[in-house]
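Everything on this sheet refers to the single structure shown next.
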Amino acid sequence: MTSTRIKLVERHHNWKRTAYKDMPANSNSEKLDENGKPTIRPKYVSNHTHYSPTDTGARISVKPGKARQLNYFGQIAVDDAHHVITGACADFADKRDSQCLVQILELAQGNLSEHDIELGEILADGGYSSGEALAYLDAKGINAWIPNFGQYKPQRTGFTFHKEANYYQCTQEGGKQAILTYKGEKTDSKGYTKRTYRSSESDCKDCPLREQCCGKATKFNRAGEPEGG
């Protein structure tokens with residue numbers, strides 16, 4: 001394993017220690033061998049460290065309290081008025097529901113179109129909510145009834161988002177009306193991609209609200225995309 005790969009694996013495991021610290025432990029970790037001693041298992045089993053040489057499409061699936069093992073991710077679309085399955089497919093187990101939405105919807109649309117049925121709206125849980133998924137549904141003219149996921153923020157107190165010009169502006173009383181310009185897209189450790197915005201250091205440096213907005217050390221302000229993901 002190269003030094004770069006080792007660093008990536010260590011970084012991934014450090015994130016796991018923090019992200020899963022308060023979640024239920026895997027019951028398999030308490031299993032004993034024939035001598036009454038704990039079985040020897042790797043502390044972290046992930047797609048960074050394990051793969052199947054005979055089934056390269058299998059991925060380690062991770063759920064709190066569940067054993068980590070190589071699986072596939074099943075998706076099903078159902079006509080909830082008539083309880084009829086309109087589409088079914090398998091995807092990689094390390095994907096999120098929102099990343100599978102396009103595939104299962106296009107499959108369902110294809111099946112329905114064979115019977116001259118149009119897909120006008122869908123109902124799904126919050127796992128299918130993301131900026132990319134909602135943009136796809138909007139482009140297709142499909143009304144979606146999907147709760148926003150936990151990281152979603154419809155607005156940011158003290159800042160106004162100018163959609164046409166694509167920037168935030170500070171509107172807090174006593175602030176310096178700083179402009180937060182678009183800086184691109186970033187993907188976090190959980191796989192969520194969002195647009196990021198940032199003010200210049202000169203705009204916030206001498207602002208009386210700098211510390212409460214930016215923190216003690218940072219000299220500029222950040223914001224995530226208003227659509228939440």
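- By the side-chain hydrogen bond (donor to acceptor under 3.5 Å, both in side chains) test, Thr56 is found to be paired with no residue, residues two or more places apart in sequence or in another chain being considered.
- Applying the side chain to side chain contact (heavy atoms under 4.5 Å, CB included) test to Asn166 and every residue at least two apart in sequence or in another chain returns Phe161, Tyr182, Arg195, Tyr197.
- Applying the side chain to side chain contact (heavy atoms under 4.5 Å, CB included) test to Thr171 and every residue at least two apart in sequence or in another chain returns Thr160.
- Put simply, OG on Ser61 and CD on Gln69 are 6.0 Å apart, with the number rounded to the nearest 0.5 Å.
- Considering only heavy atoms from C-beta on, Gln109 comes within 4.5 Å of Ile142 through its side chain.
- No side-chain heavy atom of Asn111 sits under 4.5 Å from any side-chain heavy atom of Ile117.
- The side-chain hydrogen bond (donor to acceptor under 3.5 Å, both in side chains) test applied to Thr86 returns no partner, not counting sequence neighbours.
- Counting non-hydrogen atoms of other residues, nucleotides and ligands closer than 6.0 Å to CD1 of Ile85 gives a total of 12 or fewer.
- With side-chain heavy atoms closer than 4.5 Å counting as contact, directly or through intermediates, the hydrophobic cluster containing Leu123 also holds Trp145.
- Not one N or O on the side chain of Gln103 forms a donor-acceptor pair closer than 3.5 Å with the backbone of Cys100.
- Counting heavy atoms from C-beta outward, Leu105 and Ile122 have side chains that approach closer than 4.5 Å.
- Pairing each heavy atom of Cys207 with each of Gly174, the nearest pair is SG-O, 4.5 Å.
- When the side chains of ILVMFWY residues are joined at heavy-atom separations under 4.5 Å, either directly or via intervening members, Val102 and Ile146 end up in a single hydrophobic cluster.
- Other members of the cluster containing Tyr167 are Ile179, with ILVMFWY side chains joined at under 4.5 Å, either directly or via other members.
- Residues Ala133 and Leu101 share a closest heavy-atom pair of CB-CD2, 3.6 Å.
- Clustering of Ile, Leu, Val, Met, Phe, Trp and Tyr side chains at separations under 4.5 Å places Leu107 together with Ile104.
- Scanning all heavy atoms of the two residues, the minimum distance from His162 to Gln169 falls at NE2-OE1, 3.5 Å.
- In this view, Gln75 and Asp97, Tyr128 satisfy the side-chain hydrogen bond (donor to acceptor under 3.5 Å, both in side chains) rule, not counting sequence neighbours.
- Judged as a salt bridge (Lys or Arg N to Asp or Glu O under 4.0 Å), the pairs with a partner in residues 74-93 (not counting sequence neighbours) are, in order, Asp91-Lys95.
- For Asp94, the side chain to side chain contact (heavy atoms under 4.5 Å, CB included) criterion is met by Asn47, Arg59, Phe92, not counting sequence neighbours.
- By the 4.5 Å heavy-atom criterion applied to side chains, Gln172 and Leu209 are counted as neighbours.
- Going from atom SG of Cys170 over to atom NZ of Lys176 covers 10.5 Å, rounded to the nearest 0.5 Å.
- To the nearest 0.5 angstrom, Leu119 atom CG is 11.0 Å from Lys140 atom NZ.
- Interatomic distance, Phe73 CZ to Cys89 SG, rounded to the nearest 0.5 Å: 9.5 Å.
- Pairs passing the salt bridge (Lys or Arg N to Asp or Glu O under 4.0 Å) check and including a residue from residues 111-127, sequence neighbours excluded, do not occur.
- Annotation for His82: atom NE2 does not count as buried by contact number, only 12 or fewer foreign heavy atoms lying within 6.0 Å.
- When atom types are taken as modelled, the side chain of Ser129 and the backbone of Gly126 share no donor-acceptor pair closer than 3.5 angstrom.
- Partners of Tyr51 according to the side chain to side chain contact (heavy atoms under 4.5 Å, CB included) rule, which considers only residues two or more places apart in sequence or in another chain, are Pro53.
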